[in-house]
Visitor: 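Below is one structure. I have some questions about it.
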Amino acid sequence: MPLTENEFRPKIVAFCCNWCSYAGADLAGSSRLSYPADVKIIKVPCSCRVNPMFILRAFEKGADGVILCGCHPGDCHYSTGNYYARRRMTLLFSMLDYLGIEKGRTRVEWVSAAEGVKFSQTMNEFVEKIKSLGENVRLGDLRCKN
Amino acid sequence: MQELVNRAKELLANGTVQRVLGWKAGDMAYNPEPSYFESEADLSEFVYDAFCGANLSKYMIEASKKEGKTLVFLKPCDSYSFNQLLKEHRVDRDKAYIIGVGCKGKLDIEKIKKEGIKGIESISGIGMEDACDTLKIGTLYGDKECSYQDVMLERCHVCKGKDHVVFDETLLESRDTVDSERFHEVEKIEKMSPEEKFQFFQKELSKCIRCNACRNVCPACSCRKCVFDSTKFDSAQKANVDPFQEKMFHIIRAFHVAGRCTDCGECSRVCPQGIRLHLFNRKFIKDINEFYGDYTAGEDINQEAPLTHFEFSDREPNEERG
Ligand code: SF4
Ligand code: SF4
Ligand code: SF4
Ligand code: FES
């Protein structure tokens with residue numbers, strides 16, 4: 001698909017845990033499955049390493065969407081990290097929604113090391129979703145001092 | 001009130017406590033402030049009336065490090081904060097002698113001023129022995145009256161109840177003050193469209209002057225090192241060096257106390273800009289109740305805290321959320 005000059009290219013940050021999702025991304029790459037270059041992966045030791053502030057920081061720095069990927073529940077390398085991450089992200093996303101930040105801009109997906117296909121699909125879908133939402137203007141600054 | 005002073009004197013005299021933590025008369029009828037009283041003589045300045053909204057439990061962190069016991073007066077809502085601090089090992093139960101004091105609802109001076117009552121010289125009808133239905137206010141412009149209920153602090157309209165969750169003894173009668181639903185405002189906001197929500201909060205938060213009062217007063221905000229303090233300039237705010245801390249202040253603050261905030265109402269009470277910080281805290285409380293089962297921070301120190309606990313069957317973050 002040729003790029004039209006003003007096409008919106010979203011900035012997406014994907015936090016991926018080292019043990020499953022990052023390996024899943026690797027597999028997607030080595031299997032030549034494509035996912036948009038708009039996705040910038042940040043490797044973290046475990047999904048629960050992601051302090052809710054990281055998500056906010058990504059938005060503040062200009063991300064249009066942020067996704068967190070970790071091992072499937074039950075498969076976390078550290079046994080329970082993703083269960084805690086799940087509660088934190090549930091509450092954080094609900095709060096963002098409450099503040100008027102569109103729900104679609106935040107996402108959590110469990111992707112295993114064998115799920116290269118799921119990884120590429122998830123990222124493609126997420127990028128499409130963010131494209132439809134457009135640029136994130138709200139979470140740069142909650143106040144009207146932009 | 002005299003009852004409290006008498007009891008404090010007794011406990012000082014018989015050596016049960018070394019000092020008393022209570023409220024001291026301010027320069028106006030409406031601004032008593034938290035204070036230590038070291039002796040019987042000091043207690044002449046002690047007050048306990050409808051303006052003693054200040055929650056003394058956070059001071060017990062410091063008092064726990066002092067020699068001997070401190071007598072502390074806690075209102076029903078304050079006792080939740082103390083209990084929560086106990087759960088987090090920030091206060092020492094053995095260093096506290098707690099008198100749970102009754103409460104008839106505390107007043108908000110800003111609401112009185114909003115009624116157009118200015119130049120206040122005296123206020124009566126605020127004592128614990130009073131009926132607490134009408135306030136008689138002497139002003140530079142003559143005598144005024146207003147309804148007690150109408151000028152109560154927001155938190156008193158949705159009071160958690162008048163039972164103390166931790167105490168050594170209790171004194172003075174309480175009365176029920178609840179006349180609205182705690183999550184009503186949150187529910188109203190939840191029903192707005194994303195645009196409306198954002199506009200609403202942007203308007204509210206743009207008033208913030210980042211004075212940190214809401215953090216400083218909060219019993220749950222008792223970290224020795226706070227993310228909002230700069231590492232470079234001692235007590236200086238990080239906002240000066242990193243705009244992130246400033247832009248996201250309200251979400252971060254609320255998240256840091258999520259699952260630990262007892263909804264004591266102090267943050268909203270002290271905000272000089274009248275920002276309704278409880279709208280953030282209560283959103284988390286409401287979500288926690290809905291997603292993980294009813295939980296009241298500070299109520300039971302043995303209950304699992306919602307954010308340091310999980311169930312295999314917890315909902316997924318992407319689920320349709322209200
Ligand atoms: S919340 Fe309840 S206990 Fe606390 S000051 Fe108000 S009325 Fe009193
Ligand atoms: S956030 Fe506000 S209501 Fe909650 S504990 Fe702190 S001061 Fe009290
Ligand atoms: S007390 Fe009010 S003005 Fe001060 S930092 Fe908190 S919200 Fe902002
Ligand atoms: S190691 Fe992957 S989620 Fe914990």
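Chain letters run A, B, ... following the sequence lines, proteins first and then strands; every chain starts at 1.
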Visitor: How about A:K129: does its NZ atom have over 12 heavy atoms from other parts shown lying under 6.0 Å from it?
Guide: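 No, NZ of A:K129 has 12 or fewer neighbouring heavy atoms, counting only those of other groups under 6.0 Å.
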
Visitor: So, the side chain of A:Y83 versus the backbone of B:D314: is there a donor-acceptor pair under 3.5 Å, distance only?
Guide: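 It does not hold such a pair.
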
Visitor: Hey, does B:M248 have a side-chain heavy atom less than 4.5 Å from the side chain of A:M53?
Guide: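 No, every pair of side-chain atoms sits at 4.5 Å or beyond.
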
Visitor: Measure the spacing between CD of B:E316 and CZ of A:R107 and express it to the nearest 0.5 Å.
Guide: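 Reported value, rounded in 0.5 Å steps: 10.0 Å.
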
Visitor: Drop me the distance from A:T90's OG1 to B:F310's CZ, to the nearest 0.5 angstrom.
Guide: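 If we round to the nearest 0.5 Å, A:T90:OG1 and B:F310:CZ are 13.5 Å apart.
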
Visitor: State whether B:E195 and A:R138 are salt-bridged, where the test is any N-O pair (Lys NZ or Arg NE/NH1/NH2 against Asp/Glu carboxylate O) under 4.0 Å.
Guide: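 Salt bridge between B:E195 and A:R138, a charged N being under 4.0 Å from a carboxylate O: yes.
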
Visitor: Would you compute the distance between atom NE2 of B:H250 and atom CE of A:M95 and round it to the nearest 0.5 angstrom?
Guide: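 Atom-to-atom, B:H250:NE2 and A:M95:CE are 11.5 Å apart.
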
Visitor: Has B:R93 got more than 12 heavy atoms of other residues, nucleotides or ligands less than 6.0 Å from its CZ?
Guide: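 Correct, the count exceeds 12.
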
Visitor: To the closest 0.5 Å, what do you measure between CD (B:E290) and OG (A:S94)?
Guide: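 It is 8.5 Å, given to the nearest 0.5 Å.
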
Visitor: Which heavy-atom pair separates B:L307 from A:Y84 by the least distance, and what is that distance?
Guide: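 Heavy atoms only, the tightest pair is O-CD2, 4.0 Å.
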
Visitor: Which atoms of A:L96 are under 4.5 Å from chain B, going by heavy atoms: the side chain, the backbone, both sets, or neither?
Guide: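 Contact with chain B involves the side chain of A:L96 alone.
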
Visitor: Taking all non-hydrogen atoms of both residues into account, name the closest pair between A:Y98 and B:L279 and its distance.
Guide: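 Closest heavy-atom pair between A:Y98 and B:L279: OH-O, 2.9 Å.
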
Visitor: Is there a side-chain contact between B:F291 and A:R87 in this structure, where contact means two heavy atoms from C-beta onward sitting under 4.5 Å apart?
Guide: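 No - every pair of side-chain heavy atoms lies 4.5 Å or more apart.
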
Visitor: Looking at side-chain heavy atoms only, is the closest gap between B:F255 and A:R88 below 4.5 Å?
Guide: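 A side-chain contact exists here, since the closest heavy-atom pair is under 4.5 Å.
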
Visitor: Report yes or no: does A:R86 contribute a side-chain atom to a donor-acceptor pair with the main-chain N or O of B:F312 at less than 3.5 Å?
Guide: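 A pair under 3.5 Å: yes.
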
Visitor: Is chain A contacted by the side chain of B:E204, its backbone, both, or neither, given a heavy-atom distance below 4.5 Å?
Guide: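 When you check distances to chain A, no heavy atom of B:E204 falls under 4.5 Å.
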
Visitor: Supply the atom-to-atom distance B:I252 CD1 to A:L92 CG, rounded to the nearest 0.5 angstrom.
Guide: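 Atom-to-atom, B:I252:CD1 and A:L92:CG are 10.0 Å apart.
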
Visitor: Under 4.5 Å heavy-atom distance to chain A, tell me which part of B:E196 shows up: side chain, backbone, both or neither.
Guide: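 Neither part.
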
Visitor: Of the non-hydrogen atoms in B:F284 and A:L91, which two are nearest, and what is the gap between them?
Guide: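 Shortest heavy-atom contact: CE2-O, 3.6 Å.
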
Visitor: For the residue pair B:E190 and A:D97, establish whether any side-chain heavy-atom pair is separated by less than 4.5 Å.
Guide: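 In short, these two side chains do not touch, never coming nearer than 4.5 Å.
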
Visitor: Please look at B:Q199 and chain A and tell me whether the side chain, the backbone, both or neither of the residue comes under 4.5 angstrom of a heavy atom of that chain.
Guide: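 No part of B:Q199 comes within 4.5 Å of chain A.
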
